[in-house]
Amino acid sequence: MKINIAIDGPSAAGKSTIAKLLAKDLDYVHLDTGAMYRCVGYSALLNGIDLDNELEIEKMMGNINISFDSKGNVYINDNDVSKEIRQNKVSMVTSKISAYPKVRKLLVEQQQELAKVKGYIMDGRDIGTIVLPDAELKIYMVASVKARADRRYKEYIEKDIAADYDEIYRDIEQRDYQDINRKTSPLRQADDAIKLDTSDMTIDEVVTAIRKLIKEKL
């Protein structure tokens, strides 16, 4: 028996990293919903789309196909954009365009359709509240801004992406504000989600804690 697992939380809380490890460990499918929104934001930047024009962005979405491979790489129309979509400028654009109802509707429909067969781990901002409200296990993963900035900076350095620590710190604070205060699907903890503060936890400790919760659900 497999269940669906929703992992929500603010930017750079480690959601995707943990979801990937759990999916591999449990033979589940990890669907990085945040990467899907980043693909839309990246494509909008690449094509010079007016970020204030929701209809133009919706039209553009009809011309892009987002896919993942077994290693977690992300593709737009078969082009690997795994590094490109993680840039700071893409993060800020993503926060803006992900607030558009039409953008969210199109991507949420894709995500819900995939998850009908169970065995999915999805991470994002509104998985437990909007995308998979019936998920058997919901985790709300948080961490201090400093802990998240430290992790994001380390991630960029390891991936050979140009990074400025102070800029990353400020961007995380701004992203938090935007995500929490947007009108459409704001970031919030689902009523039945379990809050997990990972500020002082290692990756292995987080995985172990969630595996225990999964075992309890099964």
Side-chain angles (χ1 to χ4, degrees), residues 2 4-47 49 57 60-98 103-104 106-127 131-132 139 141 148 150-163 168 171-172 175 179 198 203-204 206-207 210:
K2 289 187 176 181
N4 282 330
I5 303 168
I7 303 179
D8 289 307
S11 177
K15 302 182 300 296
S16 292
T17 298
I18 297 303
K20 288 175 185 176
L21 290 171
L22 285 169
K24 184 178 180 180
D25 194 25
L26 301 169
D27 192 28
Y28 274 46
V29 178
H30 169 233
L31 184 62
D32 186 348
T33 62
M36 296 176 74
Y37 285 98
R38 283 176 176 272
C39 284
V40 177
Y42 174 70
S43 295
L45 283 176
L46 197 65
N47 291 285
I49 302 295
I57 294 174
M60 177 202 72
M61 290 177 69
N63 298 316
I64 64 174
N65 177 59
I66 302 169
S67 59
F68 301 82
D69 66 19
S70 60
K71 295 181 180 178
N73 295 312
V74 191
Y75 298 83
I76 298 177
N77 297 338
D78 296 325
N79 294 311
D80 189 343
V81 294
S82 303
K83 283 188 176 181
E84 288 80 357
I85 65 171
R86 299 296 173 183
Q87 300 174 82
N88 268 342
K89 62 180 180 180
V90 176
S91 295
M92 300 315 298
V93 169
T94 299
S95 184
K96 181 180 179 67
I97 63 97
S98 64
V103 172
R104 301 200 71 84
L106 288 171
L107 292 183
V108 167
E109 286 175 351
Q110 293 179 37
Q111 295 154 12
Q112 291 176 329
E113 185 63 30
L114 288 168
K116 284 182 178 179
V117 296
K118 301 293 184 179
Y120 274 84
I121 300 178
M122 292 194 194
D123 65 278
R125 303 293 187 282
D126 62 351
I127 309 304
V131 182
L132 297 179
I139 305 293
M141 190 180 296
R148 288 183 282 148
D150 289 347
R151 293 170 186 169
R152 180 56 56 84
Y153 180 75
K154 181 180 179 182
E155 175 189 356
Y156 283 178
I157 296 301
E158 289 176 347
K159 292 183 177 180
D160 198 26
I161 299 175
I168 290 172
D171 284 348
I172 287 175
R175 181 74 190 270
D179 288 344
T198 69
I203 290 176
D204 287 342
V206 177
V207 170
I210 297 180

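- Scanning for side chain to side chain contact (heavy atoms under 4.5 Å, CB included) contacts around Leu46 gives Tyr42, with sequence neighbours left out.
- Heavy-atom neighbours of Ile157 CD1 from other residues, nucleotides or ligands within 6.0 Å: above the threshold of 12.
- Annotation for Ser11 and Ile172: closest pair O-CG2, 4.4 Å, computed over non-hydrogen atoms.
- Side-chain contact check for Asp171 versus Ser91: every heavy-atom pair is 4.5 Å or farther apart.
- Checked against side chain to side chain contact (heavy atoms under 4.5 Å, CB included), Glu109 has the following partners two or more places apart in sequence or in another chain: Lys105.
- Distance check: Ser43 OG to Ile76 CD1 gives 3.5 Å after rounding to the nearest 0.5 Å.
- Note that CE of Met61 is 4.5 Å distant from CG of Leu106, once rounded to the nearest 0.5 Å.
- Here the CG-CD distance, from Leu31 to Gln110, works out to 9.0 Å after rounding to the nearest 0.5 Å.
- The list of salt bridge (Lys or Arg N to Asp or Glu O under 4.0 Å) pairs with a residue in residues 7-26, not counting sequence neighbours, reads Asp25-Arg211.
- With sequence neighbours excluded, the residues forming a side chain to side chain contact (heavy atoms under 4.5 Å, CB included) with Ala35 are Asp32, Phe68, Val74, Ile85, Arg86, listed by chain and number.
- The shortest heavy-atom contact between Ile97 and Gly41 is CD1-N, 4.0 Å.
- Annotation: side chain of Lys2 is in contact with side chain of Asp27 (closest heavy-atom distance under 4.5 Å).
- Under the rule for a side-chain hydrogen bond (donor to acceptor under 3.5 Å, both in side chains), the partners of Asp126 that lie at least two apart in sequence or sit in another chain are Arg104, Ser185.
- Residue pairs meeting the salt bridge (Lys or Arg N to Asp or Glu O under 4.0 Å) criterion with at least one partner in residues 75-84, sequence neighbours excluded, are absent.
- Remark: Ile168 CD1 to Arg151 CZ distance equals 14.0 Å, nearest 0.5 Å.
- The shortest heavy-atom contact between Ser82 and Asn73 is OG-CA, 3.3 Å.
- Of the residues listed (Ile139, Ile210, Asp123, Ile5), the one engaging Leu22 in a side-chain contact (heavy atoms from CB on, under 4.5 Å) is Ile210, and it is the only one.
- Judged as a salt bridge (Lys or Arg N to Asp or Glu O under 4.0 Å), and not counting sequence neighbours, the contacts of Lys96 are Asp52.
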Considering only distance and modelled atom types, tabulate donor-acceptor pairs under 3.5 Å from the side chains of residues 113-120, sequence neighbours left out.
| unit_1 | atom_1 | unit_2 | atom_2 | d |
| --- | --- | --- | --- | --- |
| Glu113 | OE1 | Lys116 | NZ | 3.1 |
| Lys118 | NZ | Glu136 | OE2 | 2.8 |

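- Nearest heavy atoms, Thr198 versus Ala13: OG1-O, 3.6 Å.
- In terms of the ring pair (Phe, Tyr, Trp, His ring centres under 6.0 Å) criterion, Tyr156 has no residue partners (sequence neighbours excluded).
- Judged as a side-chain hydrogen bond (donor to acceptor under 3.5 Å, both in side chains), and not counting sequence neighbours, the contacts of Lys159 are Glu155.
- Residues satisfying the side chain to side chain contact (heavy atoms under 4.5 Å, CB included) criterion with Asp179, sequence neighbours excluded, are Ser95, Arg125, Arg175, Arg182, Leu187.
- In this structure, the side chains of Ile18 and Val207 come closer than 4.5 Å at one or more pairs of heavy atoms.
- For the salt bridge (Lys or Arg N to Asp or Glu O under 4.0 Å) test, no residue two or more places apart in sequence or in another chain qualifies with Arg38.
- Residue Thr33 forms a side-chain contact (heavy atoms from CB on, under 4.5 Å) with just one option from Leu132, Leu107, Val108, Ile127, and that option is Ile127.
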